[in-house]
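These notes concern the structure reproduced below.
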Amino acid sequence: MSTGGFQPGSATANPVSKVELTVCCRNLRDMDVFSKSDPFCVLYTVNPRTGQFEENGRTETIDNNLNPDFAHKFVVDYFFEQHQPLRFDVYDSDSKSRNLSSHDFIGSAQCTLGQIVGSQGGKLVQDLRKQQKKYGTIIITYEELSSCKDEAVMQFQGFKLAKKDLFGKSDPYLTFYRCNENMSFTVAYRTDVLKNTLNPTWKPFKVPLRTLCNGDLDRTIKVECCDWNRDGSIDLIGEFTTNMRRFVEGSQRDNVYTLTKEKSKKKGKTYGTISLMSCRVQKMYSFLDFIHGGTELSFVVAIDFTASNGAPHSPQSLHHINPHMPNQYEQAIQSVGTIIQEYDTDKLFPVFGFGAKLPPNGAISHDFPVNFNYQNPFVSNVDGIIGAYRNCLPQIQLHGPTNFAPIINRVARDAQGFMNGSNFFVLLIITDGIISDMDFTKVAVINASKLPMAIIIVGVGNADFSAMEHLDSDDNLLRHGDKVADHDIVQFVPFSEIVHRSENRDMGAIQAQLAKEVLEEIPDQLVTWMKLHHIKPGTVPPPYSAVGRA
């Protein structure tokens, strides 16, 4: 029996997505004199420890073909929150040697895994280049690898459970264990605790089949019914074993289970029964399913221009522009924007400021366009965001207060126009201080949780950001009065903690870690919102057609 930490109503984390990359080339340069080239492709990925490209794998060699469709697939782990550079080198095979210097180099293309996943139709087309000259075209397509994308929706009830508490009844909950290949068991799911009852009816819950049984309907599932104790100790009421096929295909009578204890001294003694009330299996869509189906991420930036940042001309200011070193605002924009922009086809992003006095008369604004174009607040690419930010600084006066609600409400109004799931908004707020309008901000966040949007907050400087944890409600849904958020949409990360944890203070490593921590919840937030609103991915575009095919 497991003795791990108790987390009712939770499921174990799914493994990282794996994607399968398929490569084909078109119009390769002929490197052979008396025949066509014999091409093969080499994939390089970056080693996170060294930051250098290392060979990941090679395709087979296709003889005499300038338009090869390689059968060998590259399988790589996919992390939404990380910048994952890839390099594809294409060679003309001249021998059986594994040494690449023994073959003629045709050309190379570099991209990121995010570019491939975010490309239209899941197909990225790039030139193969050698010394700045084009030597052909490479086409890279992807598919998410998953043995099972189904989830089970189940409900159970107990009857005449054993009484475990001295002064009351039991407080029962169920724990489901997946059987591993070595016949050990791993916790897959726990239900909520129901207090003071011997005849519980647990609410319906969802659990992925790959978590519960790795997609194998005949794999053993062990279920324990335990009594919750305030001190965290586990008091086993009884257990039974079954499998998913019996849950799905068996009759209600087949799914009444007698609780027993394997180590009980009293042979044949039972401790109540557990019955399956309902079970259905439904398709579980992933983040990549929605991206491949056409959902785009709309990136919005909001920058804190309050006086607590310090006058920009001072080297101690958080807004000080150093030509040799980006400030923390710029690093946050680069870290997050570099990832997000790969999932937005037009690469145009609205950028807003708050807490500043604006020209010409010093009016205070909490949601002004940083480019001062109220009809078109969009700028192009991450470099455009940095440029607009730098151009804005000398034209405004830092003031206050630090109000979040106006900018959240602005983005929410835009998100309301995309309730069909075609766009998911990601608002990045970079701030140095404590929120002045916390009550209004909580209401704004709760309202935004009903919309296709997520909020990332990066705290810069050394202020006390403890209040931000109320918004980042990982454990309990955000509440204000009688209002409750539909789901958690806020992720907060203090920049100083990332820097403090960085051993060598390397800027590249700091930015990569910041991007990972602030973006890692976005896929689940998107999928959760789609689920809550019963939205399925759009139609998948047709795959790339090879030469000579319709």
Side-chain angles (χ1 to χ4, degrees), residues 80-83 112 114-115 118 296-306 309 312 317-356 358 365-396 398 404 406-408 410-411 414-415 423-432 453-461 491-493 495 498 507-508 510-519 522:
F80 167 79
E81 66 275 10
Q82 294 184 17
H83 189 70
T112 67
Q115 282 179 285
E296 290 194 12
L297 301 185
S298 296
F299 183 41
V300 184
V301 179
I303 300 172
D304 182 340
F305 288 113
T306 56
N309 285 278
S317 171
L318 292 168
H319 281 305
H320 182 67
I321 302 300
N322 183 335
H324 307 294
M325 173 82 69
N327 63 36
Q328 291 187 17
Y329 281 89
E330 292 172 315
Q331 290 185 59
I333 291 168
Q334 290 170 342
S335 302
V336 179
T338 298
I339 303 294
I340 292 287
Q341 70 174 355
E342 293 169 349
Y343 301 85
D344 191 315
T345 55
D346 62 13
K347 306 292 188 292
L348 295 175
F349 312 116
V351 185
F352 299 97
F354 59 91
L358 306 183
S365 177
H366 298 290
D367 62 347
F368 65 92
V370 169
N371 65 0
F372 298 103
N373 187 334
Y374 287 83
Q375 281 68 47
N376 184 15
F378 293 83
V379 298
S380 179
N381 300 311
V382 174
D383 288 342
I385 300 175
I386 299 295
Y389 161 68
R390 290 187 171 190
N391 290 333
C392 172
L393 277 172
Q395 303 182 60
I396 62 173
L398 306 191
F404 280 14
I407 189 62
I408 295 174
R410 172 186 275 271
V411 177
D414 292 334
N423 280 66
F424 190 84
F425 288 73
V426 179
L427 169 61
L428 168 63
I429 301 176
I430 315 173
T431 182
D432 84 311
M453 66 179 287
I455 301 169
I456 298 167
I457 304 174
V458 175
V460 297
Q491 174 74 345
F492 169 71
V493 175
F495 192 94
I498 303 293
M507 187 185 303
I510 290 171
Q511 291 186 8
Q513 186 62 29
L514 176 64
K516 179 181 185 300
E517 294 197 19
V518 300
L519 292 174
I522 296 293

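The first residue in the sequence is number 1, and the count goes up from there.
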| Which is it for Leu519 and Ile340 under the side-chain contact (heavy atoms from CB on, under 4.5 Å) test, yes or no, and what are the steps along the way? | CA-CA 9 Å; Leu519 292 174; Ile340 292 287; 3.9 Å; yes
Close side-chain approach of [X] and [Y], heavy atoms under 4.5 Å:
| X | Y | answer |
| --- | --- | --- |
| Phe425 | Val300 | yes |
| Phe305 | Leu393 | yes |
| Met453 | Asp414 | no |
| Ile522 | Glu81 | no |
| Asp346 | Phe378 | no |
| Asp367 | Phe354 | no |
| Ile430 | Phe495 | no |

| task | Let me see the working for Asn322 and Asn327 under side-chain contact (heavy atoms from CB on, under 4.5 Å), right down to the final yes or no. | result | CA-CA 7 Å; Asn322 183 335; Asn327 63 36; over 6 Å; no
What's the shortest heavy-atom distance between [X] and [Y], and which atoms?
| X | Y | result |
| --- | --- | --- |
| Gln328 | Gly461 | OE1-N, 3.1 Å |
| Ser335 | Gln511 | OG-CB, 3.0 Å |
| His320 | Pro312 | ND1-O, 3.0 Å |
| Gln491 | Glu517 | NE2-O, 2.8 Å |
| Phe368 | Cys392 | CE1-SG, 3.9 Å |
| Pro377 | Pro369 | CB-CB, 3.7 Å |

Pairwise distance [atom1]([X]) to [atom2]([Y]) - rounded to 0.5 angstrom:
| X | Y | atom1 | atom2 | result |
| --- | --- | --- | --- | --- |
| Phe404 | Thr431 | CZ | OG1 | 4.0 Å |
| Ile386 | Gln331 | CD1 | CD | 9.5 Å |
| Ile396 | Asn391 | CD1 | CG | 11.5 Å |
| Phe352 | Ile407 | CZ | CD1 | 5.0 Å |
| Arg390 | Glu330 | CZ | CD | 4.0 Å |

| query | Between Asp304 (side chain) and Asp432 (backbone), is there a donor-acceptor pair under 3.5 Å? | reply |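 Looks like yes, one N/O pair under 3.5 Å.
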| task | Indicate the ring-plane relationship of His319 and Tyr389, choosing parallel, tilted or perpendicular according to the 30° and 60° boundaries. | result |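 Ring orientation of His319 relative to Tyr389: tilted.
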| request: Kindly indicate, with the supporting measurements, whether the criterion side-chain contact (heavy atoms from CB on, under 4.5 Å) is fulfilled by Val336 and Val301. | output: CA-CA 10 Å; Val336 179; Val301 179; over 6 Å; no
| request: Please say which of Leu427, Leu428, Ile339, Ile456 ends up in a side chain to side chain contact (heavy atoms under 4.5 Å, CB included) with Phe299. | output: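 Option passing the side chain to side chain contact (heavy atoms under 4.5 Å, CB included) with Phe299: Leu428.
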| request: Would you please test Ile333 and Ile303 for side-chain contact (heavy atoms from CB on, under 4.5 Å) and show each step? | output: CA-CA 10 Å; Ile333 291 168; Ile303 300 172; 4.1 Å; yes
